[in-house]
Amino acid sequence: MIAKVIVDVPSRQTDRPFDYAVPRDMEPWIEPGSRVGVPFGGRVLQGFVIGLADESEFDAKRIKPVAELLDPVPPLLPDLIELARWMSDKYVCTWIAALQAMVPSALKGKAERFVTLSNEAPDDNGALSGLPEELLQWLNKDGGVKLDVLLGRFPHYAGAVKQALKAGMLEEKTSIHDRVGIRKVLTVYPPEGSSDPERLFASLPARAGKQRELLAYILRNNEPIPLQRLLAEAGGSAGSVRALADKGLVTIREEESKRDPYAGREFKRTEPLPLTPGQQDVYGRIAGAVESPEPKVMLLHGVTGSGKTEVYLQAIHHCLTLGKQAIVLVPEISLTPQMVERFKGRFGDAVAVMHSRLSHGERYDEWRKIRSGAVQVAIGARSAVFAPFERIGLIIIDEEHESSYKQEETPKYHARDVAVKRAKQHGAAVVLGSATPSLESYAAASRTSPGGESMLLPMPERVHGGPLPPVRIVDMRGELMSGNRSMFSRSLHQALEERLARGEQSVLLLNRRGYSTFVMCRSCGYSATCPHCDISLTYHRKSGVLRCHYCGHAEPLPASCPSCGSEHIRYFGTGTQRVEEELAKLFPGIRVIRMDVDTTSEKNAHEKLLKQFGDREADVLLGTQMVAKGLDFPYVTLVGVIAADTSLNLPDFRAGERTFQLLTQVAGRAGRHHLPGEVIIQTYAPEHYAIAAAQRHDYAAFLAEELKHRSLLAYPPYCRLVLVTMSHEQIGVLAPAAEQFAGELRALAGAAGYLGPLDGGRPKTMEVLGPTASPIAKMKDRYRFQCVIKYRGNIDISSMLRAASKPLMEAPAGRQAQISIDIDPQMIL
DNA sequence: AGCACGCCGACT
DNA sequence: GTCGGCGTGCTC
């Protein structure tokens with residue numbers, strides 16, 4: 001049998017299956033989806049079997065055998081192999097990159113090299129004179145010694161070892177080792193068969209009281225038990241258990257243990273809540289789609305507080321009763337304990353939870369619950385879309401507009417698009433849920449389906465019928481003119497004061513990263529920039545250094561201007577740290593919890609801070625985007641947005657959309673329970689439609705206006721985008737390479753008859769913009785150029801990109817510009 | 001990506 | 001005359 005293997009080398013040259021002979025003893029175990037170790041170019045690498053073939057057709061001489069099988073059960077299923085193929089096509093990435101994205105990182109094995117004494121090596125030391133005695137002692141360990149350990153320990157013998165390997169006195173073996181050890185636990189098994197307890201005890205010496213006790217316990221329990229637990233419950237030492245095992249009375253085996261991060265936590269069972277008529281309608285539509293064998297994508301457009309989650313829960317329940325499985329995708333930041341509790345409370349042990357706060361090992365264990373069929377529901381961030389279920393009935397993507405569904409690293413996939421593809425494979429339903437849907441999804445759902453049925457599921461009312469909180473817009477230009485130079489308007493100042501007096505809570509949003517201040521000299525205009533990147537350095541208060549966001553370069557904050565010597569150095573741009581300081585000044589004694597990247601980097605910090613706030617240990621929760629999502633605290637009656645313009649002013653075509661979404665989301669945090677809420681938005685652009693629409697909670701108005709702009713400037717959803725970024729150390733190499741790429745692409749598009757303005761009447765049109773210098777023109781000492789491609793219609797853009805980038809890859813070494821292709825980019829700036 | 005094979009400068 | 005520099009090219 002021949003295995004077609006994709007090896008773990010992420011390069012275009014090796015991006016194809018290689019053939020390997022399957023040794024007889026592996027034949028029953030190797031399947032498409034198996035992970036194997038294979039010899040490849042003089043070393044052993046990890047790879048995935050994507051198919052099997054008959055031996056006869058292959059040139060046996062050129063084929064090497066599979067070296068090892070790495071898992072008892074193939075980590076991938078056939079549908080995922082096909083999905084990886086689709087991803088590598090669509091996103092222009094290697095096959096292996098797509099496959100690796102689907103398995104937990106614990107399964108990213110790397111080769112380890114071992115050296116052992118060769119069997120043929122003569123025994124007498126004279127013949128091994130090349131090797132010193134101290135080395136020989138090490139090498140005598142069975143199983144051999146890791147090469148890097150050996151060389152680390154005896155660097156001066158590197159030459160001797162190399163020679164001995166060459167001469168055949170030492171042998172080298174390679175095998176794949178998983179990055180995360182699978183935790184092994186010693187488990188004690190009761191005696192097999194129904195042997196007579198009397199006789200078992202009789203075989204114990206009279207003095208072995210402890211062993212007798214242990215055996216009695218094991219027999220009574222009559223179940224396999226982890227050794228540690230046995231010792232804890234029955235007392236005794238590992239030695240006495242070992243003695244029992246030696247007498248053959250019990251068996252000890254090594255078993256893989258499964259970590260359960262939620263072990264020992266009780267989840268209160270929750271019952272389905274009665275649905276409102278609106279919810280009931282939507283539920284019915286989803287349930288119908290789950291039942292139907294046809295794949296369907298639906299957009300659940302529900303205002304904040306409309307009870308989307310309850311609809312999800314009941315739809316999942318319906319899916320499970322049909323014997324199918326469900327995947328729930330949630331933005332990382334919303335995967336809070338409350339969220340997990342809701343799902344665990346309804347479905348108990350049938351849920352696996354995957355999020356980035358789990359260790360590699362824990363995530364692997366959750367993944368195995370899915371793979372083994374122990375659970376039917378997977379809830380997690382982006383990568384949970386690859387949950388290895390065999391019969392998917394429903395995929396839910398909550399807060400579908402969130403940009404975190406797009407992976408920023410290769411493979412640059414969008415979980416929404418992958419979900420739609422996977423649903424097609426399984427005949428499943430996809431439900432996209434949001435109060436502020438992305439324009440792309442909204443446009444797609446509004447197109448009437450072939451059956452004439454709309455895929456839009458509106459839920460315009462809040463469950464408890466309460467109104468959305470009133471939103472006040474404060475024009476900060478007016479504040480400045482009336483002499484208020486503080487970052488707090490008088491309205492917001494007063495509103496905060498009232499909350500403090502009443503003992504209510506406030507949420508303050510500054511939608512700008514915590515440390516986004518830059519440093520400039522007021523005398524000469526000098527500003528600190530990174531020597532390796534074309535970007536200003538940002539000031540880190542905590543460490544007192546200026547740091548580059550892109551390459552990590554750090555330098556001390558200068559006391560005087562390095563350019564003109566002036567001491568008028570000022571910090572510009574307000575970060576959350578500054579607001580925190582200001583709050584303390586304005587409201588002495590105020591208790592503030594700051595939540596941003598700096599304060600939540602520690603494990604569980606996020607959870608801890610929210611719990612503190614929920615326990616009313618603070619008056620104000622101040623933070624970045626992360627305070628806008630999904631929080632639900634009854635005593636929050638004020639939401640303040642300090643500067644709504646920060647995200648509005650980004651030079652990206654989605655700036656308006658982002659701002660509207662953010663403001664709408666954060667406004668939904670106020671007055672969710674019996675206390676009425678209020679929202680205050682400070683801005684320098686009060687007339688901007690994104691802000692005005694957010695004030696009225698008016699998605700339709702925002703949509704209409706935003707669509708006009710998108711249409712006018714030809715942006716999604718009126719076309720699709722690709723961002724191609726090229727980089728090289730020398731601008732003189734990069735510029736012509738980038739031109740060549742763009743030229744090549746234009747030529748291809750022209751030959752196919754696609755080239756032309758997007759507003760032309762043709763169904764298939766594309767435009768190639770650039771190359772131009774990237775917004776960050778230099779990063780990590782490499783210059784960067786970019787091309788933006790806009791296209792409409794069913795164009796195989798990926799193939800064109802591959803073809804156009806080929807000459808770049810084949811350029812002579814040293815003149816090869818690096819190229820990165822981002823399909824449907826999140827930002828083009 | 002790595003490792004091997006292959007052609008030109010500082011050493012025994 | 002050899003050791004080794006790292007520049008191309010292939011890996012079942």
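In what follows, chains carry the letters A, B, and so on, assigned in the order in which the sequence lines appear, proteins first and then strands, with residues in each chain numbered from 1. Everything numeric here is computed off the predicted structure, so don't read it as measured data.
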Chemist: Within 45° of the axis and under 6.0 Å from the centre of the six-membered ring of A:Trp95, does NZ or CZ of A:Arg85 qualify?
Modeler: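 Geometry flag: set, cation within 6.0 Å and 45°.
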Chemist: Rounded to the nearest angstrom, tell me the gap between atom CG in A:Asp54 and atom P in C:dC12.
Modeler: 21 Å
Chemist: Give the rounded distance in Å between these two atoms: CG of A:Asp8 and P of B:dG2.
Modeler: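 So the two atoms are 9 Å apart, to the nearest Å.
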Chemist: Quick test of the criterion, 5.5 Å between centres and less than 30° between planes. Is A:Phe18 stacked on C:dC12 or not?
Modeler: no
Chemist: To the nearest Å, give me how far apart CG (A:Leu45) and P (B:dA1) are.
Modeler: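 After rounding, the reported distance stands at 13 Å.
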Chemist: Whole angstrom is fine here: how far is it from CD1 in A:Ile63 over to P in C:dC10?
Modeler: 19 Å
Chemist: What is the separation between atom NZ on A:Lys110 and atom P on B:dA1, rounded to the nearest whole Å?
Modeler: 13 Å
Chemist: Starting at atom CG of A:Leu52, determine the distance to atom P of C:dC12, rounded to an integer number of angstrom.
Modeler: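 Result: 19 Å.
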Chemist: Checking all strands, does A:Arg16 fall into the base, sugar-phosphate, or nothing category for heavy-atom contacts under 4.0 angstrom?
Modeler: base
Chemist: Remember a base hit wins even if backbone is also touched, and classify A:Phe40 as base, sugar-phosphate or nothing at under 4.0 Å, heavy atoms.
Modeler: base
Chemist: In whole angstrom, what separates A:Asp19's CG from C:dT11's P?
Modeler: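 Spelled out: CG on A:Asp19 to P on C:dT11 is 12 Å.
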Chemist: Indicate, yes or no, whether a donor-acceptor pair under 3.5 Å links the base of B:dA1 to the side chain of A:Arg43.
Modeler: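 Indeed, a donor on one side and an acceptor on the other fall under 3.5 Å apart.
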Chemist: For the residue pair A:Ser383 and A:Arg363, confirm or rule out a side-chain donor-acceptor distance under 3.5 Å.
Modeler: no
Chemist: In whole angstrom, what separates A:Gln13's CD from B:dA1's C1'?
Modeler: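 After rounding, the reported distance stands at 10 Å.
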Chemist: Taking any heavy-atom pair under 4.0 Å as a contact, classify A:Pro17: base, sugar-phosphate, or nothing.
Modeler: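 Here A:Pro17 touches no strand at all.
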Chemist: Could you check whether A:Phe40 and A:Phe18 have their ring centres less than 6.0 Å apart?
Modeler: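 When the ring centroids of A:Phe18 and A:Phe40 are compared, they turn out to be within the sub-6.0 Å range.
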Chemist: Taking the side chain as everything from C-beta on, heavy atoms only, tell me whether A:Arg391 gets closer than 4.5 Å to A:Gln325.
Modeler: yes
